[in-house]
Every structure is written in C-alpha cells, then in structure tokens.
There are 2 protein chains.
Amino acid sequence: MSVDHPIVSEIFKGITFTTEESLFILSKFEKIILQKGELLLHANEVVYYQYYVQQGCLRTYSMDSAGKEHTLQFAISDWWISDYTAFFSNTTAIMSIECIQEAVIYKISKEHMEQLFLELPKIETFFRKKMEKAFASFQKRILGTLSMSAQERYNDFIQTYPNIEQNVKNYHIASYLGITTESLSRIRKRIAKT
Amino acid sequence: MSVDHPIVSEIFKGITFTTEESLFILSKFEKIILQKGELLLHANEVVYYQYYVQQGCLRTYSMDSAGKEHTLQFAISDWWISDYTAFFSNTTAIMSIECIQEAVIYKISKEHMEQLFLELPKIETFFRKKMEKAFASFQKRILGTLSMSAQERYNDFIQTYPNIEQNVKNYHIASYLGITTESLSRIRKRIAKT
DNA sequence: TCAAAAAATTGATGTAGGGTAATAAATTAG
DNA sequence: CTAATTTATTACCCTACATCAATTTTTTGA
C-alpha cells in the first residue's frame, strides 16, 4: 500500500504497488495547473507527453483548411489526453489541446512510459487495456456518424457524457458532433418541444 | 530463427523467437479458409477470437435500425480483424464480418492471447503498438468525417487504401464513407470529368 | 451592478447528399 | 456464349444541415 502517493493509486486505480514502485512511478510524472483558455499542446509541435486529467476539462481540436475547428475529444477527471497520433509516432501534432475548465494535470513523457513498461509490466497491461477501451469508444463513434442523424448523435452524446455536457459550451458540442452551432440550437429547440 | 513456422514470423514480423517459442505461439492459432460471401463472425454472438488475415479481403459491418449496412473496416493481407468492442469486453458482437474475397485466416482466442502475453511480454508490446496504430487511424477517420466532404473522403480513401479499393465493390466503399452508392456514383462522375 | 463581450437563438435562403425508380453495364453461372 | 443476376449509373425531386445576417440571452469583468 502506498498511502504516501495517492495520485499514483488514483492514476493507476486497481493496481497495487510497493512504496518503492509508487515512488518510482511518481518520479516519472510532473504536475501542471492550467487556466481556462490556455493551451496544453499546440498544433505543429512535436508531442512528447501524454496527460492525465485529475480535475477540470479539456478538449482536443484540429483546424481544417477553411479555418474551422473540429473537436475530436473532451477529457474530464480521470481521463487521459494527448494528440495520440503524434505521440505514438513521434511526429508533430495536428491537434491542439485547450483547457476549458481550470485543470490539474499530470504529464508523463513517452520515454518515461517506456521505462515504466520495462520495469512494471502491469503498467503496460494497464495502458493496453485503456487503449482497448478508447479504441472501442472511437469505433462506436464512427458507427454513430455513419448511422445516426445529428439529433440522434446529440442525444447519444448527452446520455453518454452527462458530466462533460455540463462543462462545455454548445459550440464545442456542435464541433464535436460535426454540425454548426445554429443547427445544434435548432435541434435543442426541437427536443425541448417534445 | 524459426524457419519451421513461417506464419508465426509473418504474423509477428519484426520479433525474433526461439523454435520453442515459435511452436508455443503456433499452438495458439487455428487456420481457417473462407469463401466469398461467408461470415466469419455474426452479430449478436459472443466474440471469442480475433483474426489475422493472411490472404483475401474481409469487411466488418453493422446494421442500423433501418436495416442499412455500415462498413466499419476492411481487412486485407497482414491486417487483424474482429469486433473489438465485443472482443475486449466479452460482450456480444454488434457487427458481422463478411468475406469479400476468398481468404486465409488465422484465429486466436482471447484466453490464448492472455497466455502469450504472460509468457512473452514482447507479444504484449507488439499488440500494444498495433493498437496504437489502429487507434491513430480511427482518430484520423473521425477527423475526416468531421472536416471533409464526401468527395474529399473518397479521394482520401482511394489514396490511403489503393490495395483495398481494388478488392471491394463501390457500394462497400460507399457504406464505409457513409454515403449512398448513388452519391458515390455521382462523385466518381464528377472526378472523371476533371 | 452595469456595460461589454461571448454565446445562443432565430429567420431566410442555399446546397450536399438522400430517396426512388428506371436503365445500363458488368459479372456470373449454366 | 448467352441468360440471369449483380452492380453501377442517371434523372428527378426531397430533406437535413449549412450559410449569412440579425437579434436575444448569458456571462464576464471593471
């Protein structure tokens, strides 16, 4: 038990570490406080870190050639966030990460992750399982965009992520759903009438 | 070197195994031959396996409430395929997998995978990296549906997957892009004029 | 607490892609 | 090699969502 470092057992909930292991893990992370509006990651920069969100709310978005923003993902308490495409392949980010609500973040570099994987295979297993879940939810999202109308996707979103809905602006939700704010507004009106 | 079991080094390209390891791995897989039109996996069944495609072409699709099919993914030589949401979480499939071109498949169960992971950590690493790539490509696809028109997505598809395009019908591509065959036909006509 | 800025709504109109149906082209099977 | 079937194309009209342009509502900060 490592009562000493509650953040480690918070991040890796479900895994038990010795005090030494816990200290070792802790040494690989760095804490960051972000204010609303600040960017955690800028498009076109090389991505060295992935980020554990302890508190607050962030979003990953990219800008298309027409200058329009598209929200790929939100992250609230206990979620991980990064530009994973860039992080995994050591390339530059195509996305930026913006803080939407004041946040407490723990970042870890790819090198430190690899060290953890080597020393503590259970951490690699932990991340593999995280990946599996994230993969499944992306798959669900793709199927959603293929088969559902904007209104259905909106309903699905607020049911699936009630905690996120409270934290974000409607125009963020619209850019996540792939519609305009105006369309979302009309959808909300239609739903309210029912 | 395990010249004895070329399929093992084909599946796990880049990893070196002893002959014992190679035999051990081989024992976990089972070969399947599929004819065009056959289903490898049926919606509503529990998913015990994931499948390595040595040859041929398959697609994962789901049926929406209106009875329309949506293609989530294609798989050709050297790709893995399954209903991963169901496979990872031990639930029933929402998707089916159909053979599009006569295929040679090697299947492995989740239990066997876990055994491999325990015995050979490098296999777990291999799959973690596969997941990372798949994750990144799904992310790219979501961004694509958010930011590109059907025509742009079609162009992107044929450029990114020229080997797949040759194997599949246009209506499969349409259901992958989230449009009707009629719309795809119009898009192709427009492109041909240029 | 109130002005300024940000966010959301509404209306009018435009457009990409959908639905239906008929036809043409390509593939398959006998 | 031809008939049957599957796949792709085209034409016509329709709908979901976009775009543009005002407002209105909510939030923010001095």
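Labels below follow one simple rule: chain letters A, B, ... track the order of the sequence lines, proteins then strands, and each chain is numbered from 1. Owing to the predicted nature of the structure, the values given are computational and were not obtained by experimental measurement.
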Do you see a donor-acceptor pair shorter than 3.5 Å between the side chains of [X] and [Y]?
| X | Y | answer |
| --- | --- | --- |
| A/T125 | B/E124 | yes |
| B/R190 | B/Q151 | yes |
| B/R59 | B/Y176 | no |

In this structure, would A/W80 and A/I164 fall into the same cluster of hydrophobic residues linked by side-chain contacts under 4.5 Å? no
If Ile, Leu, Val, Met, Phe, Trp and Tyr residues are connected whenever their side-chain heavy atoms lie under 4.5 Å apart, and connections chain through other members, are A/M63 and A/F74 in the same group? no
Is there a side-chain contact between B/T180 and the phosphate of C/dG18, meaning an N or O under 4.0 Å from OP1 or OP2? yes
Quickly work out the [X] [atom1] to [N] [atom2] distance and round it to whole Å.
| X | N | atom1 | atom2 | answer |
| --- | --- | --- | --- | --- |
| A/I187 | C/dA8 | CD1 | P | 14 Å |
| B/L177 | D/dA8 | CG | P | 13 Å |
| B/E152 | C/dA16 | CD | P | 12 Å |
| B/Q151 | C/dT15 | CD | C1' | 14 Å |
| B/R190 | D/dA8 | CZ | P | 18 Å |
| B/M148 | C/dA16 | CE | P | 17 Å |
| B/L146 | D/dC17 | CG | P | 14 Å |
| A/D64 | D/dA18 | CG | P | 13 Å |

Rounded distance [0.5 Å steps], OG in B/S89 versus CG in B/D83: 8.0 Å
Rounded to the nearest 0.5 angstrom, the CG-CD distance for B/L58 and B/E38 is 10.5 Å
Answer yes or no: is there a donor N or O on one side and an acceptor on the other, between the side chain of A/S22 and the main chain of A/T18, under 3.5 Å? no
Polar atom pairs between nucleotides 9-15 of chain D and protein, under 3.5 Å, N or O only, would you list them?
from   : atom 1 : to     : atom 2 : distance (Å)
D/dT9  : OP2    : B/S185 : OG     : 3.2
D/dT9  : OP2    : B/R188 : NE     : 3.4
D/dT9  : O5'    : B/S185 : OG     : 3.1
D/dA11 : N6     : B/R186 : NH2    : 3.0

Per-nucleotide protein contact along nucleotides 22-30 of chain C, 5' to 3', at a 4.0 Å heavy-atom cut-off (B base, S sugar-phosphate only, - neither), is ------S--
Within 45 degrees of the ring normal and closer than 6.0 Å to the centroid, is that where the cationic atom of A/K107 sits relative to A/Y49? yes
